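Each remark here refers to the structure printed beneath this line.
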2 protein chains.
Amino acid sequence: MTLTIGERAAAMLAEAAAISEPGAGVTRLPFTPEHARANELIGGWMRSAGLKTHIDAAGTLIGRREAATPDAPTFLLGSHQDSVRGGGAYDGIMGVLLPILALEEFGDRPLPFAVEVLCFADEEGVRFPTALIGPRALAGTLDRNVLEMSDRRGISLRDALDGFGDPAAIGDIARPASTVLGYLETHIEQGPVLEAAGLPVGIVTAIAGIERHAVTVTGRAAHAGTAPMELRRDALCAAAELVSAVERICRETDQAVGTIGHLDVAPNVVNAVPAKVHCTIELRSAEDTIRTRVAERVAAAARDAAAQRDCSWQMERTYQQPAMACAPRLQDALATAIKTAGQRPLHLMSGATHDASAMADLCPVAMLFVRCRDGVSHNPAEYAAPEDMERAVVVLREFLKRLASDEDS
Amino acid sequence: MTLTIGERAAAMLAEAAAISEPGAGVTRLPFTPEHARANELIGGWMRSAGLKTHIDAAGTLIGRREAATPDAPTFLLGSHQDSVRGGGAYDGIMGVLLPILALEEFGDRPLPFAVEVLCFADEEGVRFPTALIGPRALAGTLDRNVLEMSDRRGISLRDALDGFGDPAAIGDIARPASTVLGYLETHIEQGPVLEAAGLPVGIVTAIAGIERHAVTVTGRAAHAGTAPMELRRDALCAAAELVSAVERICRETDQAVGTIGHLDVAPNVVNAVPAKVHCTIELRSAEDTIRTRVAERVAAAARDAAAQRDCSWQMERTYQQPAMACAPRLQDALATAIKTAGQRPLHLMSGATHDASAMADLCPVAMLFVRCRDGVSHNPAEYAAPEDMERAVVVLREFLKRLASDEDS
């Protein structure tokens, strides 16, 4: 029985998923015995596909295919090997395996650029309070102080990395921008857009910028029986209007999402008018100007909701990360490849951060999203269909062909 | 220096407040050494005012003044001696002391009815998981099983009561309804209505009925970055609309208040769309039909808010207590007394439960509310001004005079 490409991808992912700490789902943290075993397995697949492998100073497993000419630049494909605790079998690692399968197609046929498949050590940031050291080292943007950060057992990143990569040489692996054509990351969508559209793959327009705020609304506690409605200063009623405003404003705004994910009430008892509410607001948009405008409207809504109930309010920005636009030329090449594969090219934003966020400091980047069931991720139920992965492999091949013909012409 | 009646009331309350467990504010629980000392102090004041005192089988301190004729019925005045933990100096006990001061006025002058001042042991229900045994014993509605309930030290109510009252005789003190003219309770408002109206006292129309509901809204967790607004099933957005609906509906409805005092979000993290919200709804109204109608509108709002976001919802009634209307004739007598005292009679609902709630099973009841600062109660900051207490004493006297002339005519 011959397996399809999609079935092979599924079998490889299942084999990789078995390399995990004990417990439900996949737990594969960077610079651990599981990471070493995963690198061994994936490195074998890379070599079978004709790639020459090594692990760089940052612990990134790299499989390289040389170009037709020695001085040609390199196109990079890849994603990360690590998972969250109790995560799924697809997030990250699928974006390492599908390019390997795509490259098999080319056999010994030379391309006008070298190709590397990158298997980054740590994108999730579960073990250390930092992440993305692989792509940052390549882009030359790594802050070496992060090497002194420790995991919860007190092991420093420097010591953990030693034996995988080379902490002392991590500053030396930055690539000159002129040597890199671009970076394409394949990843499950981790959202429901492709599923809702009935499409196997989609083209990412940008990785959303993010801002987070901590909001406190302060009213006044009162007896739920003796305080008339018109004399109340109910902090939860004000906060509820803010929750509704975030929902309404973000629904009205293209390319923006907003979430109040955390909300605490005090004193939080059945018969007391709430005195205080703490909540978070998170806003994401593909365009920083849109996000800023949404934040202004949300702040105005918070002000009005509080003022109408004689409550005070505070809103403090606790985090901000700008949006990262994907390269139009690479998006166009993906669109052509998707059409050639017989699919409709759908463009969508990535709400989550990826290795591509850090790679954008080195070169033009693009992302190919693959449909995942129910939008579920970071969960053992995470799933992408073999047929969809097969379509993604075809798109990757067509993309590389398109890129090759552009380079040749 | 001669003290005013109001200053005397304040001094007496301060003396009573000193009888407390150690700690901030007043902590005086039933059937404790503090209770015994309070009864001794208050009993002395009763006897000084010409009342004959005894403690009944339920531990209620009673000061009695006989009528002009031996078979005349009795009018009851009073409230409770106990406090919450760390409570104030006014809640309850003020309604025992002001009637004592009001009765001084009459000296030996006979009234056409006997008068008793009742000092109930336990209204707050802090020590035992029950309360109101004093008024319930008088009304003949006491469930004797409550005597077997224990406090947190394992002492049963039966054992605690022994030495104060007589657990064995508690079934014998029920009053025949024909012997009781009515019950008037004086109490701080515990709310802001009189203060907002600039009035020292007010007439309670009814003690609100209460219903409580436990609500669960279930949506679906999603990544705050990857889930587009239109595909979310955000349980908090649905719950926020419910919070706003309770506020709006109760603002639109006279004589009703509604509160969402407790609300919990799951998973309650900054970057996850909320999957589930648990909250309570409490509705109170002077009219049960109004409360029922409000509950129906709130349930409809919950249904719509959930349906619009493809969330499911459950609403379960966990508690219900019907409203208790104050007797119109006694309200009228209070209104006349307040006008005679030079004040405007304002009618308001009692959102909180009182001894009067249980006394209503025995006889017509009325309540006189006294303005308290900032509506604060169950707190060491609880305060009623001496001038306001003096006005309440005058109103009580005028009320008894009005009642006497009604009885005579």
Side-chain angles (χ1 to χ4, degrees), chain A residues 189-193 196 208 210 212 222-232 234 236-237 239-244 246-247 250-251 253 256-265 267-274 277 280-282 284 318-319 348-353 374-378, chain B residues 189-193 196 208 210 212 220 222-232 234 236-237 239-244 246-247 250-251 253 256-265 267-274 277 280-282 284 309 318-319 348-353 375 377-378:
Chain A
E189 182 199 335
Q190 303 182 277
V193 174
I210 307 176
R212 291 178 179 162
H223 188 296
T226 61
M229 300 308 292
E230 66 275 14
L231 294 176
R232 293 181 175 202
D234 188 322
L236 180 58
C237 287
E241 200 171 306
L242 175 59
V243 172
S244 297
V246 169
E247 183 190 43
C250 292
R251 279 181 175 174
T253 309
V257 292
T259 307
I260 294 191
H262 174 94
L263 186 144
D264 281 339
V265 179
N268 212 27
V269 292
V270 61
N271 62 346
V273 174
V277 169
T280 57
I281 302 175
E282 196 198 78
R284 302 196 190 206
T318 55
Y319 180 76
L348 74 171
M349 174 182 93
S350 170
T353 300
D374 295 338
V376 170
S377 182
H378 286 193
Chain B
E189 182 200 335
Q190 303 181 279
V193 175
I210 306 176
R212 290 179 179 162
R220 178 162 182 163
H223 187 296
T226 61
M229 300 308 291
E230 64 276 14
L231 295 176
R232 293 181 176 203
D234 188 322
L236 180 57
C237 287
E241 200 172 306
L242 176 59
V243 172
S244 298
V246 169
E247 183 190 43
C250 292
R251 279 182 175 175
T253 308
V257 293
T259 308
I260 294 191
H262 174 95
L263 187 145
D264 281 338
V265 179
N268 212 27
V269 293
V270 62
N271 61 346
V273 174
V277 170
T280 57
I281 303 175
E282 196 198 77
R284 302 195 189 208
R309 293 166 185 85
T318 55
Y319 179 76
L348 74 171
M349 174 182 94
S350 170
T353 300
S377 182
H378 286 192

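Everything numeric here is computed off the predicted structure, so don't read it as measured data.
Proximity of a side-chain donor or acceptor of H262(A) to a complementary backbone N or O of N268(B) within less than 3.5 Å is detected. Checking side-chain atoms of T226(B) against main-chain N and O of G351(A) turns up no donor-acceptor pair under 3.5 Å.
When each of L236(A), D234(A), T353(A), V265(A) is scored by its heavy-atom pairs under 4.5 Å with chain B, the top score falls to L236(A). Counting heavy-atom pairs under 4.5 Å between each of A224(B), A222(B), A196(B), G191(B) and chain A puts A224(B) at the top. Contact tally against chain B (heavy-atom pairs below 4.5 Å) for T253(A), L231(A), I210(A): the top residue is L231(A). Per-residue counts of heavy-atom pairs under 4.5 Å with chain A were compared for G258(B), S350(B), A256(B), A208(B); the largest is that of G258(B). When A227(B), S377(B), G375(B), P192(B) are compared by the number of non-hydrogen pairs under 4.5 Å with chain A, P192(B) comes out ahead. Per-residue heavy-atom pair counts under 4.5 Å with chain B were compared for M349(A), E282(A), E189(A), H378(A), and the maximum is reached by E282(A).
The two residues A240(A) and S244(B) make their nearest non-hydrogen contact at CB-OG, 3.9 Å. Scanning all heavy atoms of the two residues, the minimum distance from P274(A) to T259(B) falls at CD-CG2, 4.4 Å. Closest approach of R212(B) and V270(A) over heavy atoms only: CD-CG2, 3.7 Å.
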Assess whether side-chain contact (heavy atoms from CB on, under 4.5 Å) is satisfied between C237(A) and V243(B), documenting all intermediate values. CA-CA 6 Å; C237(A) 287; V243(B) 172; 4.0 Å; yes
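V257(A) touches chain B through backbone and side chain together, each having a heavy atom under 4.5 Å away. For V193(B), the parts lying under 4.5 angstrom from a heavy atom of chain A are both the backbone and the side chain.
Rounding to the nearest 0.5 angstrom, the gap separating the OG1 atom in T280(A) from the CG atom in N271(B) is 9.0 Å. Distance CZ/R220(B) to CG/D374(A): 4.5 Å, rounded to 0.5 Å.
Using a 4.5 Å heavy-atom threshold, the side chains of V376(A) and H223(B) count as separate.
The pair E247(B)-R232(A) does not count as a salt bridge, with every side-chain nitrogen at least 4.0 angstrom from each carboxylate oxygen.
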